[in-house]
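Each remark here refers to the structure printed beneath this line.
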Amino acid sequence: MKAVQVTAFGDASTLELTDVPKPEPEEGEVRIEVKAAGINFADIMQRRGHYHGGPEPPYVAGVEVAGVIDAVGDGVGRSEGDRVVSMVGEGGYAEYAIGDARSLLDVPEGMSFEEAAGFPVQFLTAHNCLHEWGDLSADETVLIHAAAGGVGTAAVQIASAAGARVIGTASTAEKLETAAKLGCDVCINYEEEDFVERVHEETDYGVDLVLDGIGGETTERSLDALAEFGRMVSFGAASGEPGRPPTDRLLFGNKSVVGYHLGRAANRKPMKVMGAVPELTELLADGTLKVQLGHTFDLVEAAEAHEFIEDRKSSGKVVLVP
Ligand SMILES: NC(=O)c1ccc[n+]([C@@H]2O[C@H](COP(=O)([O-])OP(=O)(O)OC[C@H]3O[C@@H](n4cnc5c(N)ncnc54)[C@H](OP(=O)(O)O)[C@@H]3O)[C@@H](O)[C@H]2O)c1
């Protein structure tokens with residue numbers, strides 16, 4: 001079968017379309033004929049070799065697939081032909097991938113495979129960071145960085161649906177237009193204005209919650225935008241640098257920073273992580289939430305797809321279609 005391997009740590013040119021044996025499901029697993037593979041920023045961090053505990057090359061990239069079950073291992077209560085979406089450890093950029101039966105979610109009625117491939121990682125991350133980790137309530141204000149990105153578009157919709165006031169940042173007017181259409185109340189182009197100053201113009205004391213998937217200097221600057229007793233959820237470092245929040249600023253401001261990692265939390269506390277699935281599925285089915293499909297690439301174009309995201313040209317979810 002065709003699969004895209006990361007052949008060495010490095011830039012997108014290390015992604016190569018290769019022929020590899022079709023995988024066989026073991027006990028508790030299914031094989032999925034992949035109809036769409038979600039691309040996540042984590043795939044890029046892993047390819048660069050900047051991901052704690054990430055796979056060693058050569059490996060088939062991709063942690064999220066949507067498709068049809070075409071083979072079932074022992075002890076699995078699933079059938080061939082089921083339309084499913086799965087978070088897989090690796091191996092998603094391929095014609096077939098192996099999924100742990102416990103991680104399978106049904107593709108909601110009326111949802112395309114491309115949309116389904118944009119659902120679990122980014123919507124669960126957005127929901128968990130806002131609610132389970134961030135404790136957002138309807139009378140609060142949340143600052144969402146990269147508001148037009150994959151997690152960002154999910155977070156703007158979920159926070160807005162929960163009744164919170166949403167302030168979003170992005171690097172272009174076009175991205176901010178996307179965020180505004182999804183429910184962002186205040187849209188800040190941080191290339192043109194200082195996001196901290198603008199937050200203080202728009203709020204009495206600052207925001208109650210920050211979703212920080214950027215890291216680097218954005219993290220410490222976001223502390224300036226955070227009200228006393230405010231919370232920040234740190235869930236990524238798209239800037240390429242981890243954030244380094246100074247503890248003295250936390251203690252004197254009664255502010256807190258908490259880390260979130262979907263995969264690790266799903267292993268340790270599956271109910272805390274997956275508990276939002278029924279609610280999210282319902283909100284996606286009734287149209288309250290929508291996966292924002294940004295761009296679809298062919299499997300063979302995986303390197304272009306990575307560059308597209310790294311060059312910050314993407315909005316919403318980017319998927320590969322085998
Ligand atoms: N912890 C977890 O379990 C978990 C799960 C999912 C995602 N994440 C993290 O969440 C973040 C967002 O992931 P995503 O897949 O939804 O990606 P994304 O937001 O669609 O893409 C990344 C965005 O980050 C912004 N950005 C700022 N500085 C950047 C830089 N130097 N290079 C590239 N982009 C930069 C860009 O938006 P602007 O152009 O608007 O600045 C870009 O579009 C990532 O840090 C990812 O690792 C973490």
Side-chain angles (χ1 to χ4, degrees), residues 3-6 9 11-12 14-15 32 34-55 59-67 85-94 97 99 103 105 113-129 144-155 158 211-215 233-240 259-267 273-274 280 291-297 299 301-322:
V4 174
Q5 279 190 324
V6 173
F9 288 136
D11 64 21
T14 65
L15 290 167
I32 299 164
V34 178
K35 301 291 189 187
I39 302 187
N40 289 288
F41 207 86
D43 305 352
I44 291 167
M45 308 273 287
Q46 290 182 352
R47 192 209 69 217
R48 290 175 181 165
H50 295 166
Y51 199 83
H52 291 288
Y59 66 90
V60 177
V63 299
E64 183 178 44
V65 299
V85 56
S86 177
M87 292 185 276
V88 294
E90 58 184 81
Y93 297 3
S103 81
L105 305 175
F113 287 115
E114 287 88 345
E115 288 170 319
F119 161 50
V121 172
Q122 292 175 339
F123 275 72
L124 278 171
T125 294
H127 193 285
N128 289 334
C129 289
I144 298 172
H145 290 300
V151 174
T153 50
I158 294 167
L211 257 54
D212 175 25
I214 307 296
V233 182
S234 165
F235 62 97
S239 66
Y260 169 85
H261 189 275
L262 174 68
R264 303 230 161 94
N267 284 337
V273 172
M274 305 302 282
L280 285 173
V291 175
Q292 301 299 308
L293 270 186
H295 217 87
T296 301
F297 289 87
L299 187 62
E301 300 171 314
E304 285 94 318
H306 271 211
E307 281 171 351
F308 186 71
I309 295 172
E310 289 178 284
D311 292 345
R312 301 159 80 158
K313 292 180 181 154
S314 66
S315 273
K317 183 71 179 183
V318 179
V319 298
L320 290 178
V321 175

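- E301 pairs by the salt bridge (charged side-chain N to carboxylate O under 4.0 Å, His left out) definition with nothing, not counting sequence neighbours.
- With values rounded to the nearest 0.5 angstrom, N128 atom CG is found 4.0 Å from Y260 atom OH.
- Here the shortest heavy-atom pairing between G91 and A97 reads O-CB, 3.5 Å.
- Separation of atoms NE2 (H127) and CE (M274) is listed at 12.5 Å; rounding is to 0.5 Å.
- Annotation: the span from I309 atom CD1 to H295 atom NE2 amounts to 10.5 Å, rounded to 0.5 Å.
- Ring geometry, F297 versus F308: the interplanar angle exceeds 60°, so the pair is classed perpendicular (tilted spans 30 to 60°).
- If you run side-chain contact (heavy atoms from CB on, under 4.5 Å) between L262 and each of V273, V63, N267, only V273 comes through.
- Rounding to the nearest 0.5 Å places CD of Q46 at 8.5 Å from CZ of F9.
- Between V151 and F235, some side-chain heavy-atom pair lies under the 4.5 Å cut-off.
- The shortest heavy-atom contact between G67 and F113 is O-CE2, 3.5 Å.
- Listed for the D43 side chain is no donor-acceptor partner under 3.5 Å among the backbone atoms of G62.
- Closest approach of L280 and F123 over heavy atoms only: CD1-O, 3.8 Å.
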Please set out all donor-acceptor pairs under 3.5 angstrom arising from side-chain atoms of residues 314-322, sequence neighbours excluded.
unit_1: K317; atom_1: NZ; unit_2: I39; atom_2: O; d: 3.2
unit_1: K317; atom_1: NZ; unit_2: N40; atom_2: OD1; d: 3.1
unit_1: K317; atom_1: NZ; unit_2: E64; atom_2: OE1; d: 2.8

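- Summarising the geometry of S86 relative to G99, their closest heavy-atom pair is OG-CA, 3.9 Å, with the distance given to 0.1 Å.
- The structure places CD of E307 at 7.0 Å from CG of D11, a figure rounded to the nearest 0.5 Å.
- No donor-acceptor pair closer than 3.5 Å links the side chain of T14 to the backbone N or O of V6.
- For the atom pair D212 CG and I144 CD1, the distance stands at 12.0 Å (nearest 0.5 Å).
- Summarising the geometry of A116 relative to A66, their closest heavy-atom pair is CB-CB, 3.9 Å, with the distance given to 0.1 Å.
- Summarising the geometry of M87 relative to S103, their closest heavy-atom pair is O-OG, 3.5 Å, with the distance given to 0.1 Å.
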